[in-house]
2 protein chains.
Amino acid sequence: MTTGPAGSAGATVMDNLAMRISARADYAVRAALELAAAGDDTSLKAEAIAEAQGIPHKFLEGILGDLRRGGLVVSQRGGKGGYRLARPADSIPIADVIRVADGPLVSVRGVRPPDLSYTGPAESLLPLWIAVRANVRKILGEVTLAHVAAAKLPDDVLSLADDPEAWTNP
Amino acid sequence: MTTGPAGSAGATVMDNLAMRISARADYAVRAALELAAAGDDTSLKAEAIAEAQGIPHKFLEGILGDLRRGGLVVSQRGGKGGYRLARPADSIPIADVIRVADGPLVSVRGVRPPDLSYTGPAESLLPLWIAVRANVRKILGEVTLAHVAAAKLPDDVLSLADDPEAWTNP
DNA sequence: AGATTTCCTATCGAATTACTAGGGAAGTGT
DNA sequence: ACACTTCCCTAGTAATTCGATAGGAAATCT
């Protein structure tokens, strides 16, 4: 499995992180992509998705439950059961998947930017966080499951990722 | 998440967060802004900064220690002691402050994007995370302490924050 | 009925976060 | 020299969160 053992020996150091995509969000997106690739009328079993993407299957079940409650997938129990997307893949932005699985996209100290208040020289911090959030939203709201599943990201996103400097460490 | 379907009004839920600025990072930036506003040759005591920004002062001391070890501030002990910026405020991007206080800016499941590998329909996920990261870096690397302390954000950042839609909830 | 697969609840350990406590080291003013 | 101030360092801790697991009840198909 190329994805790195989900829970065990992955990263050497667990750093503090200013911005992180959680395992939940990552798994949720990958599961949704698997469903997008399967097509609108084929339904996949949780176990199949888990195996394909190297996700602990009981953990995945919980995540798929969230996606269902969030209205992104529909499920069917029983012998021929499984999950499939509730809407066409090109109408589901990645942002939706992350939000449903993980809550708001961006927050500061557990508070959403518009609810913060700063004083003194920090007053302009709020517009800054808002700008960052707007930017993240723009990207993740523009890119859909269909884009990623087809490996055809929009040009403006691709050009961001093409900058070699974007791939360096710090 | 386990919160009722979509938007059940005002309940404050402490969700998981896809992207968060931690208290450490937020405090670090605000402290640095106080120092930027004080000027290059005035030094402020930890206690004064703590009071001005409403930060627990013992907690802040630890953060200031990180900033010092990261070379962003210099300190002086004793009666006339305190902290001041090690460099001019317009040469310190917000990104530097956050990184020093909190580690790498962006990561996925505790792993930095370039170290991930995805399979199947999730293959294009990596360039997407990279694009998001590049974008966040671009903003936080461009905006300096001087910008924020003077309440004069660069135009391209301001225009992002000016979009009224950027301030809405989800 | 019987097999299958989702769905629900409960729990767990380990890590992380935000913060507190206490004391030692370095510097200043009298 | 002496007291006083302020930074500096090490530990510790309570609460929360994260990732993951277990067992069984409910629904659906053949």
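Bear in mind that the values here come from a model prediction, so they are computed numbers and not experimental data. FYI, side chains are in, hydrogens and waters are out, and symmetry mates aren't considered; it's all heavy atoms of this structure. Letters A, B, ... are given to chains in the order of the sequence lines, protein chains preceding strands, and every chain is numbered from 1.
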Gap between atoms [atom1] and [atom2], on [X] and [N] respectively (whole Å):
X        : N      : atom1 : atom2 : value
A:Glu51  : C:dT5  : CD    : P     : 13 Å
B:Arg68  : D:dC8  : CZ    : C1'   : 7 Å
B:Phe59  : D:dG12 : CZ    : C1'   : 14 Å
B:Leu60  : D:dT6  : CG    : P     : 15 Å
A:Arg109 : C:dA18 : CZ    : P     : 9 Å
B:Leu64  : C:dA18 : CG    : P     : 16 Å
A:Leu35  : C:dT6  : CG    : C1'   : 14 Å
A:Ile63  : C:dT6  : CD1   : P     : 14 Å

Quick check: any donor-acceptor pair below 3.5 Å linking the side-chain of [X] to the base of [N]?
X       : N      : answer
A:Arg77 : C:dT5  : no
A:Lys58 : D:dG19 : no
B:Glu61 : D:dC7  : no

Pairing residues for B:Ala161 by the side-chain contact (heavy atoms from CB on, under 4.5 Å) criterion, not counting sequence neighbours: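 Residues passing side-chain contact (heavy atoms from CB on, under 4.5 Å) with B:Ala161: A:Pro127, A:Ile130, A:Ala131.
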N or O in side chain of [X] less than 4.0 angstrom from [N] OP1/OP2:
X       : N      : result
B:Tyr27 : C:dC19 : yes
A:Lys45 : C:dT5  : yes
A:Gln76 : C:dT4  : no
B:Ser75 : D:dC8  : yes

Spatial distance of atom CG (A:Asp96) from atom OG1 (A:Thr144) [nearest 0.5 Å]: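 Interatomic distance, A:Asp96 CG to A:Thr144 OG1, rounded to 0.5 Å: 10.5 Å.
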Interatomic spacing from CD1 in A:Ile139 to CG in A:Leu160 - rounded to 0.5 Å: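 With rounding to 0.5 Å, CD1 (A:Ile139) is 5.5 Å from CG (A:Leu160).
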Salt-bridge present (B:Arg87, B:Asp40; N to O < 4.0 Å):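 Looking at B:Asp40 together with B:Arg87, the answer is no, because their closest N to O distance does not fall below 4.0 Å.
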Sugar-phosphate only, base, or nothing, as touched by B:Gly82 at under 4.0 Å among non-hydrogen atoms: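 Sugar-phosphate contact only - B:Gly82 comes under 4.0 Å of backbone atoms but never of a base.
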A:His57 or B:Arg69, whichever maps to the more 5' nucleotide of DNA chain D: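 By nearest-heavy-atom nucleotide position, the 5'-most residue is B:Arg69.
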Closest to the B:Tyr83 side chain, choosing from C:dC7, D:dA20, D:dC7: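 Looking only at side-chain atoms, B:Tyr83 lies closest to D:dC7.
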Test side-chain contact (heavy atoms from CB on, under 4.5 Å) applied to A:Leu145 and A:Asp90, A:Leu35, A:Leu85, A:Leu72, the passing residue: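 The single option meeting the side-chain contact (heavy atoms from CB on, under 4.5 Å) with A:Leu145 is A:Leu85.
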